[in-house]
Amino acid sequence: VLAGLLVWATRPDPDVSGTGESDGKRPASETATWNRATSERFVDAFDDPGLPGWSILERDRVGEPLFERLDASTSRPGQLIVIPRVSTGWYQNTQGTMLSRLVTGDFVAGVTVRLSNRHDPSLPPKMSFNSAGLIARDPDSGLNSENWVIASVGMQETEIGYKSESTRNSRTELQVYHGPREADLRLLRLGSTIRVFARENASAGWIELRSWQRDDLPATLQVGVLCNGWGGQADALAEFDSFELFDPEEESDWLKASDR
């Protein structure tokens, strides 16, 4: 099936389902969809092509499309496939592909993601900062006021691995770590702290990559998945599995056992 994805690099107009956003601001009709006090554990296996309940950031601030292909359970059953448009991604003021849900209060968000080369999916991306993962973002972010925390996996600056980054008023601080091109990622929010975790597979232990103090972020955030396609020859192809949201107190054994 992946061989058929290669035609997507011809850069057609974005192909999307769900609720679109033009600038990343919260749509007037969007309301908080998950709160630890009132919501059950949420799991999306990406088996509905309509992506119900997700807001999709389709275009950047100047109206340019952010991805070339985005589909759920169409190319591959039970997977969200994203090919980002070249020279797009999350850093400082710039924006990339994002699918998000509004989340209030403390949470754990998790996803499994694999990064491949769009031209040869048997290989990882070759271009720097072609990666994908999780994002927690202030819905009122704007020009010179982007505020978010990201965990990603894929090709970082010079090698395959993880990246943890925090942007405050469009100024980004980041760290990269050696790792795989496929991993489970989690963001844990407890009050003003957002902690970033990763593991190579289900049998591996969780590793805490970084803890960010973000007392500037509001109670309600846009939480979801993102994809970066930096460079004029961006080559990322991201495959997401089973996004989840749950109460940090609901399942704590993984946290106690993590390497810190």
Side-chain angles (χ1 to χ4, degrees), residues 5-6 8-14 16 21 23-24 56-70 80-100 111 113-121 123-137 141-144 146-183 185 187 196 198 209-210 222 224-240:
L5 300 181
L6 303 184
W8 296 350
T10 56
R11 292 182 59 179
D13 289 336
V16 304
E21 298 180 47
D23 60 2
I56 302 172
L57 183 58
E58 298 181 26
R59 297 178 182 274
D60 64 16
R61 293 188 182 88
V62 297
E64 292 295 323
L66 290 170
F67 50 85
E68 298 173 6
R69 184 74 180 184
L70 188 157
L80 171 69
I81 303 293
V82 179
I83 294 182
R85 183 172 178 265
V86 298
S87 300
T88 62
W90 292 96
Y91 182 73
Q92 311 279 51
N93 258 324
T94 60
Q95 298 173 311
T97 304
M98 178 180 71
L99 288 80
S100 65
V111 77
V113 60
R114 174 182 173 86
L115 267 292
S116 299
N117 187 305
R118 71 171 74 180
H119 306 298
D120 182 353
L123 301 174
K126 294 181 180 179
M127 302 303 296
S128 295
F129 299 120
N130 275 240
S131 58
L134 292 168
I135 184 169
R137 178 177 182 260
S141 293
L143 185 64
N144 298 321
E146 281 288 345
N147 289 287
W148 43 255
V149 172
I150 281 175
S152 69
V153 67
M155 175 57 80
Q156 306 303 350
E157 186 171 13
T158 59
E159 65 177 355
I160 298 296
Y162 305 114
K163 179 169 54 142
S164 172
E165 54 191 319
S166 174
T167 291
R168 187 188 296 254
N169 292 326
S170 296
R171 297 179 64 88
T172 299
E173 178 182 356
L174 63 86
Q175 279 188 288
V176 297
Y177 317 80
H178 178 75
R181 63 165 165 151
E182 179 175 7
L185 301 173
L187 293 179
V196 178
L209 300 179
R210 182 68 188 256
Q222 292 171 311
V225 300
L226 76 308
C227 191
N228 296 315
W230 287 108
Q233 296 181 341
D235 57 357
L237 185 162
E239 302 164 83
F240 294 93

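Hydrogens, waters and symmetry mates are skipped; everything else that's a heavy atom, side chains included, is used.
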Query raised in the report: How about Leu115 and Pro124: do any of their side-chain heavy atoms sit closer than 4.5 Å?
Result: no
Query - Residues Glu173, Arg168; criterion side chain to side chain contact (heavy atoms under 4.5 Å, CB included); working and verdict - result: CA-CA 8 Å; Glu173 178 182 356; Arg168 187 188 296 254; over 6 Å; no
Query raised in the report: Can any side-chain N or O of Gln92 pair as donor or acceptor with the backbone N or O of Thr172 at less than 3.5 Å?
Result: yes
Query - From His178, Arg181, Lys126, residue fulfilling side chain to side chain contact (heavy atoms under 4.5 Å, CB included) relative to Ile160 - result: Arg181
Query raised in the report: Can any side-chain N or O of Asn130 pair as donor or acceptor with the backbone N or O of Trp230 at less than 3.5 Å?
Result: yes
Requested in this report: Give a yes or no on this: more than 12 heavy atoms of other residues, nucleotides or ligands lie within 6.0 Å of atom CD of Gln233.
Outcome: no
Query raised in the report: Say you draw a straight line from CZ of Phe240 to CG of Leu134; how long is it, rounded to the nearest 0.5 Å?
Result: 8.0 Å
Requested in this report: Any chance you could measure Ile83, atom CD1, to Glu239, atom CD, to the nearest 0.5 Å?
Outcome: 9.5 Å
Query raised in the report: If every non-hydrogen atom of Ala238 is compared with every non-hydrogen atom of Cys227, which pair is closest and at what distance?
Result: CB-SG, 3.9 Å
Requested in this report: Mark yes or no for whether Tyr162, through its side chain, and Leu209, through its backbone, hold a donor-acceptor pair below 3.5 Å.
Outcome: no
Query - Side chains of Asn93 and Ser170, donor plus acceptor under 3.5 Å - result: yes
Report task. Apply side chain to side chain contact (heavy atoms under 4.5 Å, CB included) to Val82 and Val225, showing your working. Result -> CA-CA 10 Å; Val82 179; Val225 300; over 6 Å; no
Requested in this report: Just do the side chain to side chain contact (heavy atoms under 4.5 Å, CB included) check on Val196 and Leu187 with the steps written out, would you?
Outcome: CA-CA 5 Å; Val196 178; Leu187 293 179; 3.7 Å; yes
Query raised in the report: Is any side-chain heavy atom of Glu157 closer than 4.5 Å to a side-chain heavy atom of Phe129?
Result: yes
Only distances under 3.5 Å count here; give the side-chain donor-acceptor pairs of residues 148-156 to other protein atoms, sequence neighbours excluded, each with its distance to 0.1 Å.
unit_1, atom_1, unit_2, atom_2, d
Gln156, NE2, Gly161, O, 3.0

Query - Leu174 and Tyr91, any side-chain heavy atoms less than 4.5 Å apart - result: yes
Query raised in the report: Is there a side-chain contact between Leu57 and Thr97 (heavy atoms, below 4.5 Å)?
Result: no
Query raised in the report: If you look at every heavy atom in Gln95 and Arg59, which pair is closest and at what distance?
Result: OE1-O, 4.4 Å
Query - Side-chain heavy atoms of Pro84 within contact of Arg118, under 4.5 Å - result: yes
Query raised in the report: Nearest 0.5 Å, what's the OG-CG distance between Ser116 and Leu237?
Result: 5.5 Å
Query raised in the report: When rounded to the nearest 0.5 angstrom, what distance separates CG in Asn169 from OG in Ser141?
Result: 9.0 Å
**Report entry** Ion pair Arg210/Glu165, N-O distance below 4.0 Å
**Finding:** no
Report task. To the nearest 0.5 angstrom, please state how far the OG atom of Ser131 sits from the NZ atom of Lys163. Result -> 4.5 Å
**Report entry** From CD (Glu58) to CZ (Arg85), nearest 0.5 Å
**Finding:** 14.0 Å
